[in-house]
Amino acid sequence: IRLARTAGFCMGVRRAMEIALDAATRKSGPVYTHGPLIHNPQAIQLLADRGVRAVKEVDNLPTGTMIIRAHGIPKAERDRLDKLGFDCVDATCPHVLLSQRRIAKCSAEGQDVVIVGDKDHAEVTGLAGQAQRQHLPLGGDCRRRRQTRFSGGNRRGTERRSIAELLHNWSNRRRQHSRMAYPGGD
């Protein structure tokens with residue numbers, strides 16, 4: 001048996017759990033999470049035992065505290081929660097927030113946004129919801145979209161690439177980084 005150097009929650013999930021548990025003890029009125037806070041049934045049950053309820057639909061709920069899940073949510077959904085009168089507590093992972101900000105900035109500058117991931121996953125939905133213009137979520141079998149082309153604006157002009165080329169370049173950069181961080185690793 002080999003014991004991992006680290007185990008348990010990542011920083012973003014640990015932070016989200018701390019925020020939710022703190023809200024459960026400090027907030028008056030109902031406390032909800034916008035969807036499951038994290039992907040861990042035992043943690044969701046622990047929160048439920050403390051009175052924090054995961055909800056999918058918010059329209060008919062009595063207002064209270066709404067904790068934004070670690071995966072984040074689309075900007076339009078956050079705006080809707082505010083309009084409905086919920087006290088929103090953002091437990092979005094700081095790494096996800098950084099990606100959301102980059103997507104919003106690139107989109108505002110007129111660039112197309114490509115998001116690689118399952119289009120139905122909460123994090124991908126939240127990321128896509130930050131784009132003000134066209135975004136292209138690549139989910140499941142990316143090979144089906146191998147020939148998809150898009151124009152990505154940059155300061156030098158417009159550059160056209162296939163998704164396959166972008167993924168290939170990204171994969172090569174990841175492999176190089178992996179070798180630098182972990183000698184001999186792929």
Side-chain angles (χ1 to χ4, degrees), residues 7-142 144-145 148 150:
F9 294 149
C10 67
M11 175 274 304
V13 168
R14 184 173 46 254
R15 178 180 169 274
M17 283 295 294
E18 288 170 359
I19 288 171
L21 291 169
D22 183 60
T25 59
R26 293 180 186 257
K27 300 287 184 175
S28 61
V31 179
Y32 311 103
T33 61
H34 194 280
L37 185 71
I38 62 173
H39 295 304
N40 184 311
Q42 293 85 8
I44 301 305
Q45 185 59 54
L46 172 71
L47 291 173
D49 293 345
R50 304 269 171 95
V52 179
R53 204 171 108 207
V55 296
K56 291 181 182 179
E57 299 296 326
V58 298
D59 292 321
N60 297 318
L61 288 176
T63 58
T65 301
M66 181 65 69
I67 302 168
I68 307 302
R69 64 189 297 161
H71 298 97
I73 60 174
K75 183 181 181 328
E77 182 65 11
R78 173 61 187 262
D79 293 344
R80 187 166 81 97
L81 292 171
D82 289 339
K83 281 183 183 176
L84 289 171
F86 286 96
D87 173 24
C88 292
V89 177
D90 198 345
T92 305
C93 170
H95 297 296
V96 174
L97 281 172
L98 181 61
S99 294
Q100 288 179 344
R101 289 185 187 119
R102 285 180 180 159
I103 287 169
K105 181 177 185 274
C106 290
S107 181
E109 291 172 354
Q111 297 180 35
D112 293 330
V113 176
V114 177
I115 302 167
V116 179
D118 178 355
K119 67 180 176 56
D120 296 322
H121 188 276
E123 186 172 337
V124 174
T125 302
L127 292 172
Q130 308 306 313
Q132 299 170 9
R133 51 182 274 120
Q134 175 184 344
H135 65 279
L136 179 62
L138 295 178
D141 185 4
C142 293
R144 289 185 298 153
R145 299 188 189 189
T148 302
F150 73 100

Sidechain N-carboxylate O distance under 4.0 Å for Asp79, Lys83:
no
Sequence neighbours left out, what passes side chain to side chain contact (heavy atoms under 4.5 Å, CB included) with Pro62? Give chain and number order.
Tyr32
With sequence neighbours excluded, tell me which residues meet side chain to side chain contact (heavy atoms under 4.5 Å, CB included) with Ser99.
Leu127
To the nearest 0.5 Å, what is the distance between SG (Cys93) and CD (Gln100)?
9.5 Å
Stepwise side-chain contact (heavy atoms from CB on, under 4.5 Å) check, Val52 with Leu21:
CA-CA 8 Å; Val52 179; Leu21 291 169; over 6 Å; no
When every non-hydrogen atom of Ala54 is compared with those of Gly35, the smallest separation belongs to CB-O, 3.8 Å
For residues Ala16 and Ala91, report the shortest heavy-atom separation together with the two atoms involved.
CB-O, 3.7 Å
Within a strict 4.5 Å, meaning less than it, do heavy atoms of the Leu61 and Arg53 side chains meet?
yes
Using only atom types and a distance under 3.5 Å, with no angle test, would you say the side chain of Glu123 pairs donor to acceptor with the backbone of Ile73?
no
Quick one: are Arg78 and Cys88 in side-chain contact, heavy atoms under 4.5 Å?
yes
Please find the pair of heavy atoms, one from Pro94 and one from Gly12, that lie closest to each other, and give the distance.
CD-CA, 4.4 Å
Measuring from atom OG1 of Thr65 to atom CD1 of Ile19, what distance do you get when rounded to the nearest 0.5 angstrom?
12.5 Å
Looking only at heavy atoms, the pair that brings Leu37 and Ala20 closest together is CD2-CB, 3.7 Å
Within a 6.0 Å radius of atom CG on Asn60, are there more than 12 heavy atoms belonging to other residues, nucleotides or ligands?
no
So Arg80 and Val58, do their side chains get closer than 4.5 Å, heavy atoms only?
yes
By side-chain hydrogen bond (donor to acceptor under 3.5 Å, both in side chains), which residues pair with Asp120, not counting sequence neighbours?
none
Would you please name every residue forming a side-chain hydrogen bond (donor to acceptor under 3.5 Å, both in side chains) with Thr33, sequence neighbours left out?
none
Are Asp90 and Leu97 packed together at the side-chain level, in the sense that at least one heavy-atom pair is separated by less than 4.5 angstrom?
yes
Taking all non-hydrogen atoms of both residues into account, name the closest pair between Thr63 and Gly85 and its distance.
CB-O, 3.8 Å
Would you give the length of the straight line joining atom CG of Leu46 to atom CE of Met17, rounded to the nearest 0.5 angstrom?
5.0 Å
Taking side chain to side chain contact (heavy atoms under 4.5 Å, CB included) as the definition, give me every residue that meets it alongside Gln45, ordered by chain and number, with sequence neighbours left out.
Ala48, Asp49
Does Arg50 form a side-chain contact (heavy atoms from CB on, under 4.5 Å) with Val31? I'd like the steps, not just the answer.
CA-CA 10 Å; Arg50 304 269 171 95; Val31 179; over 6 Å; no
Check the pair Ile68 / Leu81 against side-chain contact (heavy atoms from CB on, under 4.5 Å), numbers first and verdict last.
CA-CA 10 Å; Ile68 307 302; Leu81 292 171; 3.8 Å; yes
Backbone N/O of Thr92 and side chain of Arg15: donor-acceptor pair under 3.5 Å
yes
From Met66 atom CE to Asp82 atom CG, the distance as rounded to the nearest 0.5 Å:
11.0 Å
Determine which pairs satisfy ring pair (Phe, Tyr, Trp, His ring centres under 6.0 Å) with at least one residue from residues 33-58, sequence neighbours left out, and list them in order.
His39-His71, His39-His121
